[in-house]
Amino acid sequence: MNAPKIHTHELPNLERAENGVVMRFAPNPSGPLHLGHARAAVLNDAYVERYGGRYILRIEDTDPKRVDPDAYRMVQEDIGWMGLRITDIFYQSDRFDQYYKIGGDLIGLGGAYVCTCENEQFRVLKQAKTPCPCRGHTIEENLELWQKMLDGAFYEGEASLRVRTSLDHPDPAMRDFPAFRILNEPMHPRIEAHVYPLMNFTVAVDDHLMGVTHVIRGKDHIANTRRQKFIYEYFGWNEPVYRHYGRMGIEGVVLSTSQMREGIRSGMYSGWEDIRLGTLRALARRGIQHEAVRQVVLDIGIGETDISFSWDNLFAKNRDIIDPVADRFFFVPDPVPFAIAGATAREAHALLHPGDGKKGYRTLKFEEDVVLPGQEFQNDVKMIRLKDLFNVTVDWSSGSPLLTYAGEALSDARAQKAPIVQWLPAEGATRCTLHSPDGDIQGLCENTVRTMQDKVVQFERVGFVRIDSVTDEGIIAYFCHK
RNA sequence: GCUGCUAUAGUGUAGUCCGGCCAAUCAUGUCGGCCUUUCACGCCGACGACUGGGGUUCGAAUCCCCAUAGCAGCACCA
């Protein structure tokens, strides 16, 4: 066995980071974390690790429509699984009073105005670079309207606070974007509010108040960064260093939380842990190690190129970690019973790990009746070696295969190019269902696997699996990768 | 439509800022071989890329221009 050769691309250095950094991971608690979150979380974590400093977890729960009360817990669990070195935790829902105050300050600076236009009407005016009537309010009028908003004088959609940018800005996305809105429902799970701040406002305010020095986030935030800079400018705050990495598409899975939620609701998926999902808990259930996720994310880096995530690359990292430590066991898919003629009862000893004899071996009793993988008999094999036991010849003359003891010598099996297959005693094996993304496989496995709950083992000639549960009914395992 | 970002092998990535050391790195993948009582691991070998077109230059993956493609934003989501 060799030490796992982990070589990961070095992340580029960050400017203005020599004296330490303050960075943040800021998820929306709408569901559990997935691979997309892991990228942001790990990248930031790695830089805090490199430069030293604080790593802030900021729960961005300012949209009650997109808050799942369970997600507060799930996000924490997922962060724990990833092993992030979080030093500070903030909930934006605890900070509304500050946002209101600073919103008022921004109005006082002439940087924001209360807009009571209809949304669609404003959109049209904006495209035409034309100010809406509300833009002409004086600061005093705005302050008054703002107070009315806070006092509940407006209903949902009737008023918003907009940041005054530049109406002839070439990018329509920059023109007078909203900072607060009014929402009458749903109720926020943690607080009572009807004036809700929007992310471009809270992010700018919080990044400043929390002393964030470096922001690493996806390219989809480039426009938001530019919007947030307007707020920095009004207040004269120092901007953090921004880096935006490219979009990451993931082959074969839905990453959108709302789509996953819908799939779960409709029964298409069993839950957030369904192994067909890209959630971290789904990966963990299959036996993907958090360190493999970290490595693959660091390997991908912070390039601005849009990329497609490759499961192969993740599996390779995971295999590097798992292969040296995973115990080996026999699993017989599609088990077919056979009686071996001419063999004497005995015990077979098979290494728990072929590269590490110190781990010892497991013992399998042979007493004439065994089960073998059905697919080994699809073509007319003449000889098979039962691994760690002996050779058998296969006689097809009666139509169905008859197996007869054919000696111990491995060299005979080699000479005959006999397949070496996993086997189990017909009496003394445990039922095992192996769930894989491609479907379920029924089979039998060694009884010892009963002691391996939550561990990742290798089913020889099948692949690495995680033992999910052990009951009187049998074992449930999840296929990880070859 | 407007605005912006990106463009190296099947996938990820190095090199691009400061042109020559790049007939382009490493990993993964695929194929072949060796090793092996697993179709795992390990070892050896092969395959495979600078989006296209102009320009600057003695010389361009690297600089400039144009084109094309992909992505994102233009939400009272994050």
Side-chain angles (χ1 to χ4, degrees), chain A residues 1-2 4-10 26-30 60-63 65-67 92 115 117-119 122-123 126-127 129 156-162 169-175 177-183 195-200 202-203 217-224 226-227 244 246-249 251 257-258 295-296 299-301 303-317 319-320 322-324 326 328-330 348 350-351 353-356 385-391 408 410-411 413-414 418-422 458-464 481-482:
Chain A
M1 177 180 59
N2 303 325
K5 47 161 198 188
I6 307 288
H7 52 78
T8 303
H9 285 106
E10 281 288 299
N28 169 274
S30 58
E60 305 209 325
D61 54 349
T62 54
D63 181 1
K65 294 179 181 174
R66 306 213 334 169
V67 170
Q92 289 193 320
C115 177
C117 294
E118 210 162 284
N119 198 20
F122 182 86
R123 200 184 64 79
K126 178 177 70 179
Q127 292 296 342
K129 304 185 176 181
E156 191 162 325
E158 288 181 347
S160 60
L161 186 73
R162 291 186 178 283
H169 195 289
D171 186 351
M174 292 304 121
R175 299 171 195 157
F177 62 88
F180 287 85
R181 61 170 167 172
I182 291 173
L183 239 41
V195 176
Y196 284 86
L198 274 335
M199 74 93 83
N200 279 307
T202 60
V203 167
R217 39 157 43 160
K219 236 165 59 168
D220 45 325
H221 285 291
I222 286 180
N224 291 323
R226 284 203 286 265
R227 285 190 269 232
H244 300 96
R247 296 275 300 175
M248 184 168 81
E251 45 188 33
T257 300
S258 55
Q295 303 263 332
V296 85
D299 212 29
I300 289 168
E304 294 181 67
T305 315
D306 296 337
I307 61 153
S308 70
F309 178 90
S310 159
W311 291 103
D312 275 342
N313 288 338
L314 172 61
F315 292 161
K317 298 281 186 203
R319 192 181 297 115
D320 282 344
I322 273 175
D323 184 75
R328 268 59 173 173
F329 294 100
F330 288 155
L351 286 169
H353 195 291
D356 187 359
R385 180 174 181 84
L386 309 194
K387 187 167 183 289
D388 302 301
L389 193 60
F390 49 58
N391 307 326
E408 316 281 324
L410 177 62
S411 53
R414 290 262 187 250
I420 298 171
V421 311
Q422 69 276 38
Q458 189 203 52
F459 282 167
E460 295 196 36
R461 306 210 321 147
V462 174
F464 293 95
H481 52 70
K482 299 266 326 173

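Numbers restart at 1 for each chain; the letters A, B, ... are given by sequence-line order, proteins then strands.
A:T62 comes within 4.0 angstrom of the backbone, heavy atoms only, and of no base. In this structure, A:R66 reaches the bases: a heavy-atom distance under 4.0 Å links it to at least one base atom across the strands shown. Among the heavy atoms of the strands lying under 4.0 Å from A:D312 are primed sugar atoms or P, OP1, OP2 only; no base atom is included. At the heavy-atom level, A:S308 lies under 4.0 Å from the strands shown only through sugar-phosphate atoms. Note on A:G246: nothing from the nucleic acid sits closer than 4.0 angstrom, heavy atoms only. Contact annotation for A:L410: base contact, defined as any heavy-atom pair under 4.0 Å involving a base atom. Residue contacts shown for A:H221 include a base, since a base heavy atom lies under 4.0 Å away. Among the atoms of the strands shown, base atoms are found under 4.0 Å from some heavy atom of A:N224. No engagement by A:F309 is indicated, since no non-hydrogen atom pair under 4.0 Å with the nucleic acid exists. A:K126 comes within contact range of the sugar-phosphate backbone alone, with a heavy-atom separation under 4.0 Å but no base atom that close. Nucleic acid contact for A:N28: sugar-phosphate only, since backbone atoms but no base atoms lie under 4.0 Å from a heavy atom of the residue. Here A:D63 lies in heavy-atom contact (under 4.0 Å) with sugar-phosphate atoms only. Nucleic acid contact for A:R227: sugar-phosphate only, since backbone atoms but no base atoms lie under 4.0 Å from a heavy atom of the residue. The residue A:P354 sits close to a base: some heavy atom pair falls under 4.0 Å.
Pair assignment for B:C26 gives B:G12, based on Watson-Crick or G-U wobble hydrogen-bonding distances that are each under 3.5 Å. Across all strands shown, B:C76 forms no Watson-Crick or G-U wobble pair with both distances under 3.5 Å. Across all strands shown, B:G42 is found opposite B:C34 as a Watson-Crick or G-U wobble partner, with both distances under 3.5 Å. Base pairing of B:A61 is not made with any nucleotide, judged by Watson-Crick or G-U wobble geometry with both donor-acceptor distances under 3.5 Å. Across all strands shown, B:G4 is found opposite B:C71 as a Watson-Crick or G-U wobble partner, with both distances under 3.5 Å. The partner of B:G19 cannot be assigned: no Watson-Crick or G-U wobble pair with both contacts below 3.5 Å exists in any strand.
The side chain of A:P172 sits closest to B:C2 out of B:A40, B:U13, B:C2. Candidate nucleotides B:G12, B:C76, B:U38 were compared by shortest atom distance to the side chain of A:R162, and B:C76 ranks first. The side chain of A:S310 has B:U11 as its nearest neighbour among B:U3, B:A40, B:U11. For A:Q127, counting side-chain heavy atoms from C-beta on, the closest listed nucleotide (B:G12, B:C74, B:U38) is B:C74. Here B:A78 is the nucleotide among B:G4, B:C76, B:A78 with the atom lying nearest to any side-chain atom of A:E60. Listed candidates were B:C5, B:G12, B:U38. Nearest to the side chain of A:I307 is B:G12. Closest contact between the side chain of A:D323 and the listed nucleotides B:C41, B:U38, B:G73 involves B:C41. Closest to the side chain of A:R328, from the set B:C71, B:U38, B:C41, is B:U38. Here B:U6 is the nucleotide among B:U6, B:U3, B:A78 with the atom lying nearest to any side-chain atom of A:T305.
Not a single donor-acceptor pair under 3.5 Å links the side chain of A:R461 to the backbone N or O of A:F459. Side-chain atoms of A:N28 come within 3.5 Å of backbone atoms of A:E60 as a donor-acceptor pair (strictly under, hydrogens ignored). A donor-acceptor pair under 3.5 Å is absent between the side-chain atoms of A:R227 and the main chain of A:P178, judged by distance alone. When atom types are taken as modelled, the side chain of A:H353 and the backbone of A:D323 share a donor-acceptor pair closer than 3.5 angstrom. At distances below 3.5 Å, at least one donor-acceptor pair connects side-chain atoms of A:R319 with backbone N or O atoms of A:K482. A:R385 places a side-chain N or O within 3.5 Å of a backbone atom of A:E408 that can act as its donor or acceptor partner. No donor-acceptor distance shorter than 3.5 angstrom exists from the side chain of A:N224 to the backbone of A:N200, with no hydrogens or angles considered.
In A:E156, the CD atom is crowded: over 12 heavy atoms of neighbouring residues, nucleotides or ligands sit closer than 6.0 Å.
Look at the C1' atom in both B:G10 and B:G1: the space between them is 36 Å, to the nearest Å. For the C1' atom pair drawn from B:G19 and B:C58, the interatomic distance equals 12 Å after rounding to whole Å. Taking the C1' atoms as reference points, B:U30 lies 26 Å from B:G70, given to the whole Å. Only the P atoms considered, B:A27 is 23 Å distant from B:C34, to the nearest whole Å. B:G48 sits 14 Å from B:A9 when the P atoms are compared, rounded to a whole Å. Comparing the P positions of B:U51 and B:A7 gives a spacing of 9 Å, expressed to the nearest Å. B:C26 and B:G33 are spaced 24 Å apart, taking the P atom of each and rounding to whole Å. Straight-line distance between the C1' atoms of B:A61 and B:A49: roughly 10 Å, to the nearest whole Å.
RNA chain B is contacted by both A:P178 and A:K482; A:K482 maps to the nucleotide lying nearer its 5′ end (nearest heavy atom per residue). Comparing A:R414 and A:G301, the nucleotide of RNA chain B nearest to each residue sits closer to the 5' end for A:G301.
Taking NZ of A:K126 as the start and CZ of A:R162 as the end, the distance is 7.0 Å to the nearest 0.5 Å. In this structure, the separation between CG on A:L351 and CG on A:D356 is 9.0 Å, given to the nearest 0.5 Å.
Look at CG on A:L351: it is 18 Å from P on B:A40, rounded to the nearest Å. Separating the CD atom of A:E304 from the P atom of B:U16 is a distance of 15 Å, rounded to the nearest angstrom. A:E118 places its CD atom 15 Å from the C1' atom of B:A75, with the value rounded to the nearest Å. Atom-to-atom, NE2 of A:H169 to P of B:C74 comes out at 14 Å; the value is rounded to the nearest Å. When the C1' atom of B:U11 is taken as reference, atom NZ of A:K317 falls 13 Å away, rounded to whole Å. Atom NE2 of A:H244 and atom P of B:U3 are 20 Å apart (whole Å). Computed from coordinates, the A:I222 CD1 to B:U6 P distance equals 7 Å when rounded to whole Å. Taking atom CE of residue A:M174 and atom C1' of nucleotide B:G73, one finds them 7 Å apart after rounding to whole Å.
In the interface, the side chain of A:Q458 is paired with the base of B:U38 through a donor and an acceptor atom under 3.5 Å apart. You won't find any donor-acceptor pair under 3.5 Å spanning the side chain of A:R123 and the base of B:A75, going by distance alone.
In this structure, A:R247 does not reach the B:G4 phosphate: none of its side-chain N or O atoms is under 4.0 Å from OP1 or OP2. In this model, the phosphate group of B:C76 is approached by a side-chain N or O of A:N119 to a distance below 4.0 Å at OP1 or OP2.
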